[in-house]
Peer 1: 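Below is one structure. I have some questions about it.
Per chain, numbering begins at 1; letters A, B, ... match sequence-line order.
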Amino acid sequence: MGFHLTSKDYANYIRKAYRLIHEKGDYITELDSATGDGDHWININMGFEKLVEAANELEEMTVFEEFKKIGTIMMSVIGGSSGVLYGSAYLAAAKTLKEKETIQNENLCEVLDAMLQAIMSRGNAQPGWKTMIDSLAPAVQCYKDCILNQVDEKTCLSRVKQAAIDGAESTKDMEAVRGRATYQANKGVGHLDPGAVTMSYQIATLMDCVLEKL
Amino acid sequence: MGFHLTSKDYANYIRKAYRLIHEKGDYITELDSATGDGDHWININMGFEKLVEAANELEEMTVFEEFKKIGTIMMSVIGGSSGVLYGSAYLAAAKTLKEKETIQNENLCEVLDAMLQAIMSRGNAQPGWKTMIDSLAPAVQCYKDCILNQVDEKTCLSRVKQAAIDGAESTKDMEAVRGRATYQANKGVGHLDPGAVTMSYQIATLMDCVLEKL
Amino acid sequence: MKKIINEPTKVVSEFLKGMEKAHPELEYTEKLEVLSRREKSDKVAVISGGGAGHEPAHAGYVGMGMLDAAVTGNVFSSPSPDRIIEAITKMNAGKGVLMIIKNYSGDIMNFGLAKDLAELEDIQVESVVVRDDVAVKDSTYSTGRRGIAGTVFVHKIAGAKAETGASLQEVKAAAEKAIENIRSMGMAMTPCTLPAVGKPGFLLGEDEVEIGMGIHGEPGVMRTTMKTAQETAEILLDKILQDYDYSNSEVALMVNGLGATPLMELYILENEIQTLLEEKQIKVYKTFVGNYMTALDMSGCSVTLMKLDEELKKLLDAPCNTPGLKIG
Amino acid sequence: MKKIINEPTKVVSEFLKGMEKAHPELEYTEKLEVLSRREKSDKVAVISGGGAGHEPAHAGYVGMGMLDAAVTGNVFSSPSPDRIIEAITKMNAGKGVLMIIKNYSGDIMNFGLAKDLAELEDIQVESVVVRDDVAVKDSTYSTGRRGIAGTVFVHKIAGAKAETGASLQEVKAAAEKAIENIRSMGMAMTPCTLPAVGKPGFLLGEDEVEIGMGIHGEPGVMRTTMKTAQETAEILLDKILQDYDYSNSEVALMVNGLGATPLMELYILENEIQTLLEEKQIKVYKTFVGNYMTALDMSGCSVTLMKLDEELKKLLDAPCNTPGLKIG
Ligand SMILES: Nc1ncnc2c1ncn2[C@@H]1O[C@H](COP(=O)(O)OP(=O)(O)O)[C@@H](O)[C@H]1O
Ligand SMILES: Nc1ncnc2c1ncn2[C@@H]1O[C@H](COP(=O)(O)OP(=O)(O)O)[C@@H](O)[C@H]1O
Ligand SMILES: [Mg+2]
Ligand SMILES: [Mg+2]
Ligand SMILES: [Mg+2]
Ligand SMILES: [Mg+2]
């Protein structure tokens, strides 16, 4: 019959994602120090901290309101490149949830796709440019393929998760075109993009949360 | 019969003293860092460097002119506390050498005494205050005693040397009243005074030079 | 990590509170981390901002003859659009607002979004993007050159132009003329430590320096051994002169410290740069030596040249009175 | 040691050459390491100086409204009398010369000898000795308190008084009034490295700071762990207030960086100091935050208070235009 993700479920996902991100502090900071300016973890961690503080409130909202609120918090608390990108992503995703009570399989794919489009347009960036897009884009593509091919939800969600993780991994060999890694002589080749890694954490956690609902 | 120290001999002494001071760089810097500001060796070493450069010129002068010149160079090149103290010392010593062709036993004692008086008055300082005076003052006292007691020159010079060295050593337990060691809570107790140590190097080298003439 | 702070998350707001207390002519807007002139004047508003950690930039350049407001993000992180909008709406006097942006993805995106939102409120907003760092290859494909210390000259020029009562387009044109004529190149000797991270983001060997390192500790173009002041001057200046032709012109020179470099060393470097410029018959009209655009506690320096024409000279000489720069 | 220098023995002369080139209104006298105002005015001359390594002090305070000349010794070493005499004879306009001396044996002796020699040439010379550092016990027996950052206030007050055309005695009296009312206290987080030595003179642990350390790295009064900005403010201010009664008065406040401390941290400390002063009902009339009296590349800070009466307020507000301090 498929999953129904409620705003409460999504708030729980936020709590879970926060725990993972929080835990990976040193690692992510190291990644952003190697090719960027070292602040990516501080900012995204702070953003999730604020989201967790607001989680009880988020639970009570419609998913539309919830996504709008998350977007607003992320934009203003995270700051930097990621803040405005995630903010835009959530605001765009919210639009796909207007009047919805829960998030079901196709909606979730639309949510992620809306996020991808928003990030690409706000960041003026393409897949393959060594950014967070390189985790999100393959995940969305995979999701779309699964729906097209009517892959069962469980398999689908696991594949999306893996696609996000592999996508983040694939940034290692890419040359940066956007973001601070472009300033390096070798365009960051040999290093993972921190934004892609934290994106993969979020997608993976989200898929795990949904899988639990099946 | 006794020794006759010529301006050439004194120039040679300068060269020799420079070698010793130069060699002790790390040690003296460490002493001044522990209780002062760490510059004593740099300055006195630079002063002696300039004196050595002028040594050929110094050799041709009368001892009076030679001492005046040394004082002027020391005052302007060394700078800091030591520069003005040594400068004053040499200028005062020069006065005792007016019209002298060489420096003999009694003169040398007068020279050192004049230096001592000049340093005490310029520095407004007394023996026992943990300064260069604590090497020079016992050396002068010892010299005077030897002359009074008609101790033979060789023994006398060796004793003066030892008095200067012991005097420097004695600063370890003194509390500073003048100079930067006064800023310390324990007034520098437990540390040798750098200015006393470099003073003892100069007196010891000078005595060695004179002993060679005997 | 030894820093005179209370909590890493509070450094920005406490810093700005301190600025407001020290400089009664400036006003701090809490939460939104905006520092602005208390007296709003009837002219084009010039605002700037970016991540914290570059003090006195940007808050230190708020005042007569330079900025009307500065918006501060977290350390090394672009401020969010809501903060930028606060500065825009607060300082707009009906004549429009010029935003001076340093060329970083984050700043471009956040200021860009703020501009879009402000325009919805019928506020005229224009922006210029400073990209003076010749360590980075210019490119229309990638983000391109970073904005570094030369940004301070742009603040000065745009601020002075705005004070004359010029229109938004005229102020923008003056800022763009400055940007066209500015090039910078930097060198770092030690890393910097983000308060919230607590340890340096990278390491440099006992005798190593990094040429072309950015003001956020982004890796540079070349790691080499420590050079003399004269050699350093040559390396930095050569890179600038290879990129832009300053020959037979008059320039403004800035020798900027990154935060932990003693002023004595900056003047020693400046002395060498002046000698080199004289040899090349580039005439220095005005010289600035000091910490103008820093990178937390990094030690190192940057050199900036701005080619001057009569208009830029006049605007550079115009009086300004800000915590970070006073002229006249 | 990573420093932007050429040769350790040349740092002072190259620094001063750089200053002369950057500030055309100042003139450098080679070999004697004197930096002076190019335009000699018909008033009491105010000079100061001391060892190098405290930039912008003292050369950076030469200019309208502050010093007429600064004499620089080697790094951390008092200048020799011949240099001081050069500054005296060069700037004396017949109205006499006031020397502002920081209280160190070396400075007292060298400036003292120079005064004696200048008086032989019939130049009227007076001197005042700044002893603001409350870390050191005052004492008539020993050398007593050091002069540190408060010296900059003395330069400002004496310079402003001299500009009014006051007599040597009047200028001296104003300087002494300032000195009476000034107290400072400092804290160091890292050691400094003398260029000619090449390694730090002492070590501080990863988390250690030294309260009361002098501006030459002379040992302080207490070694402790790194504190928050608020605790640091309390420690430094308490020591000052224990020594001198500032209650119910108006003061000038200076939060000074020792060279390597980011401006952001100085403002964070200043913010805390302001809060404490407010609690104690001490009114801050004017605040100064920045690197005014440094100790090479040391990181750390000092806090200075000067109690103000109407005369001191007027003199503090009077315009000055020097590389290190501009007012009005
Ligand atoms: N223009 C862009 N488009 C998409 N993603 C981007 C862009 N610029 C940066 N990013 C992503 O943001 C991450 C860095 O985020 P963060 O550290 O918060 O920003 P900043 O680079 O401003 O310090 C990068 O690792 C990259 O994944
Ligand atoms: N007032 C004084 N009288 C005699 N000797 C002094 C006096 N002040 C300092 N000294 C001597 O000078 C030495 C320090 O010299 P130096 O390092 O050149 O000067 P400074 O303390 O100015 O850095 C001290 O070790 C002490 O022996
Ligand atoms: Mg980053
Ligand atoms: Mg010393
Ligand atoms: Mg950043
Ligand atoms: Mg000294």
Peer 1: Can you tell which part of B:Asp32 gets under 4.5 Å to a heavy atom of chain D, answering side chain, backbone, both or neither?
Peer 2: neither

Peer 1: Between D:Leu32, D:Asp82, D:Ile108, D:Asp133, which has the largest tally of heavy atom pairs under 4.5 Å with chain B?
Peer 2: D:Asp82

Peer 1: Are a donor atom and an acceptor atom from the side chains of D:Ser78 and D:Asp107 found within less than 3.5 Å of each other?
Peer 2: yes

Peer 1: Tell me, side chain or backbone of D:Asn103 under 4.5 Å from chain B's heavy atoms, or both, or neither?
Peer 2: backbone

Peer 1: Between D:Tyr104 and D:His216, what is the ring plane arrangement, given parallel below 30°, perpendicular above 60°, and tilted in between?
Peer 2: perpendicular

Peer 1: What I want to check is whether the side chains of D:Lys115 and D:Ser127 have a donor and an acceptor closer together than 3.5 Å.
Peer 2: no

Peer 1: With a 4.5 angstrom heavy-atom cut-off, could you sort out which part of D:Phe76 is near chain B: side chain, backbone, both or neither?
Peer 2: both

Peer 1: Return the option, out of B:Ser81, B:Gly25, B:Gly38, B:Gly80, with the maximum number of heavy-atom pairs under 4.5 Å with chain D.
Peer 2: B:Gly80

Peer 1: Among B:Met46, B:Met75, B:Arg122, single out the residue with the greatest number of heavy-atom pairs under 4.5 Å to chain D.
Peer 2: B:Arg122

Peer 1: Heavy-atom cut-off 4.5 Å, strictly under: side chain, backbone, both or neither for B:Thr29 against chain D?
Peer 2: side chain

Peer 1: When you compare the side chains of D:Thr304 and D:Ser184, does any donor N or O come within less than 3.5 Å of an acceptor on the partner?
Peer 2: yes

Peer 1: Do B:Glu30 and D:Lys199 pass the salt bridge (Lys or Arg N to Asp or Glu O under 4.0 Å) test, and can you show the C-alpha distance, the side-chain angles, and the key distance before you say yes or no?
Peer 2: CA-CA 11 Å; B:Glu30 223 169 82; D:Lys199 56 179 194 230; 5.7 Å; no

Peer 1: I would like to know whether B:Tyr13 and B:Gln202 meet side-chain contact (heavy atoms from CB on, under 4.5 Å); could you show each step before the answer?
Peer 2: CA-CA 9 Å; B:Tyr13 148 71; B:Gln202 292 169 72; 3.3 Å; yes

Peer 1: Salt bridge or not for B:Lys172 and B:Asp134, using N-O below 4.0 Å?
Peer 2: no

Peer 1: Please classify the contact between D:Leu113 and chain B as side chain, backbone, both or neither, with a heavy-atom cut-off of under 4.5 Å.
Peer 2: both

Peer 1: Check each atom of B:Leu85 against the heavy atoms of chain D and say whether the ones under 4.5 Å are side chain, backbone, both or neither.
Peer 2: side chain

